[in-house]
K.L.:
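This is the structure I have questions about; it appears just below.
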Amino acid sequence: MRLTVNGRHHDLPPSPAVTLLELLRDRLSLTGTKLVCDRGECGACTVQLDGEIVYSCLTLAEACDGSSVLTVEGLSSGGADSALSPLQRAFIAKDAAQCGFCTPGQLIAAHTLLANNPAPTDEEIRAGMSGNLCRCGTYPNILAAIRAVAEGEFEAAPAAGATRAS
Ligand code: FES
Ligand code: FES
């Protein structure tokens, strides 16, 4: 099967009875996506599949043949803080993570929400994020982080080597 993950193409052997989450974590070593409930209740395993969010613990890998996946590793352009996406920087600045287990899924859900609706109301943010639970209860801070990005408080970092227009 063929899968594109965070823009990188993979040719993979058949993976019967393997979930997309297992494939990402165990075969591609993309351990940012977390396993928590393993039954479609918490959203910790949320990834983007062809532009739509899915619970990767409930998604069979072979059903994704030919698809494109975005995981939390694909949001940043590198390891340095300056390469974090605006959403990632907003989550840090607004203290939207405590234990952090739900955070990768929250980030992918928020990224998808803003891609589809760049100026959401608070109600639209709550509805869009309703499939992602946080046992630490950081919901107000997550909402504040998403709203801050929507309002332009966190701009995308300039690409390496880019010059600022005067
Ligand atoms: S681990 Fe997939 S929904 Fe909870
Ligand atoms: S930050 Fe701990 S579960 Fe959300």
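Nothing here was measured: the structure is a model prediction, and the numbers come from that model. Just so you know, ligand 1 is whichever comes first in the structure, and atom 1 is the first atom listed for that ligand.
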K.L.:
Of all heavy-atom pairs between Glu73 and Asn6, which one has the smallest distance, and what is that distance?
P.N.:
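Closest approach of Glu73 to Asn6: CB-ND2, 3.8 Å.
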K.L.:
Using 2.8 Å as a strict upper limit, say whether an N, O or S atom of Cys134 approaches atom 4 (Fe) of ligand 2 that closely.
P.N.:
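It does; at least one qualifying atom falls short of 2.8 Å.
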K.L.:
I need the Leu75 CG to Gln48 CD distance, nearest 0.5 Å.
P.N.:
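Here the interatomic distance stands at 8.5 Å.
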K.L.:
Taking all non-hydrogen atoms of both residues into account, name the closest pair between Lys94 and Phe154 and its distance.
P.N.:
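That closest heavy-atom pairing would be CE-CE1, 4.3 Å.
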K.L.:
Has Cys42 got an N/O/S atom less than 2.8 Å from atom 4 (Fe) of ligand 1?
P.N.:
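Yes, since at least one N, O or S atom of Cys42 sits under 2.8 Å from atom 4 (Fe) of ligand 1.
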K.L.:
Distance to 0.1 Å, residue and atom name: give those for the protein heavy atom nearest to atom 3 (S) of ligand 2.
P.N.:
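I find the closest protein heavy atom is Arg135 N, 3.3 Å.
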K.L.:
Does Cys57 bring an N, O or S atom to under 2.8 Å of atom 4 (Fe) of ligand 1?
P.N.:
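Short answer: no, not a single N, O or S atom is under the cut-off.
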K.L.:
Of all the non-hydrogen atoms in the protein, which one sits nearest to atom 1 (S) of ligand 2, and at what distance?
P.N.:
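Of every protein heavy atom, Gln98 N, 3.3 Å lies nearest to atom 1 (S) of ligand 2.
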K.L.:
Hey, is Asp38 touching ligand 1 through its side chain, its backbone, both or neither, going by heavy atoms under 4.0 Å?
P.N.:
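Just the backbone.
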K.L.:
Can you name the atoms of ligand 1, numbered from 1 with element, that are less than 4.0 Å from a heavy atom of Cys45?
P.N.:
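Result: 1 (S), 2 (Fe), 3 (S).
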K.L.:
At a 4.0 Å threshold, what atoms of ligand 1 neighbour a non-hydrogen atom of Val36?
P.N.:
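The list of qualifying atoms is 1 (S).
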K.L.:
I need the atoms of ligand 2 closer than 4.0 Å to a non-hydrogen atom of Cys102, numbered in the order shown.
P.N.:
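Those atoms are 1 (S), 3 (S), 4 (Fe).
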K.L.:
If we set the cut-off at 4.0 Å for heavy atoms, which region of Arg39 has an atom near ligand 1: side chain, backbone, both, or neither?
P.N.:
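No part of Arg39 comes within reach of ligand 1.
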K.L.:
Locate the shortest heavy-atom distance separating Lys34 from Phe101; write the atom from each residue and the value.
P.N.:
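For Lys34 and Phe101, the tightest heavy-atom pair comes out as CG-O, 3.5 Å.
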K.L.:
Supply the atom-to-atom distance Tyr55 OH to Glu41 CD, rounded to the nearest 0.5 angstrom.
P.N.:
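Here the interatomic distance stands at 9.0 Å.
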K.L.:
Going by the atom numbers of ligand 1, which of them fall below 4.0 Å from some non-hydrogen atom of Gly40?
P.N.:
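Those atoms are 3 (S).
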K.L.:
Would you mind running through ligand 2 and noting each atom that sits below 4.0 Å from a heavy atom of Gly100?
P.N.:
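Close to Gly100: 1 (S), 2 (Fe).
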K.L.:
Locate the shortest heavy-atom distance separating Asn132 from Tyr139; write the atom from each residue and the value.
P.N.:
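Shortest heavy-atom contact: O-CE2, 3.8 Å.
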K.L.:
Please confirm if an N, O or S atom belonging to Cys99, backbone or side chain, lies less than 2.8 Å from atom 4 (Fe) of ligand 2.
P.N.:
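No, outside the cut-off.
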K.L.:
Measuring from Thr31:OG1 to Leu21:CG, what's the distance to the nearest 0.5 Å?
P.N.:
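It is 10.5 Å, given to the nearest 0.5 Å.
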K.L.:
Do you know which two heavy atoms are closest between Ser15 and Pro13, and how far apart they sit?
P.N.:
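What the structure gives for the nearest pair is OG-O, 3.1 Å.
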K.L.:
To the nearest 0.5 angstrom, please state how far the CG atom of Leu107 sits from the CG atom of Leu84.
P.N.:
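Going from the CG atom of Leu107 to the CG atom of Leu84 covers 9.5 Å.
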K.L.:
For the residue pair Val47 and Ser56, what are the closest heavy atoms and their distance?
P.N.:
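So the minimum-distance heavy-atom pair works out to CG2-CB, 4.0 Å.
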K.L.:
Find all atoms of ligand 1 within a distance of less than 4.0 Å from any non-hydrogen atom belonging to Cys37, and give their numbers and elements.
P.N.:
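Ligand 1 atoms under the 4.0 Å threshold to Cys37: 1 (S), 3 (S), 4 (Fe).
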K.L.:
Within the 4.0 Å heavy-atom shell around Glu41, which atoms of ligand 1 are there?
P.N.:
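Reading through ligand 1 atom by atom, the close ones are 3 (S).
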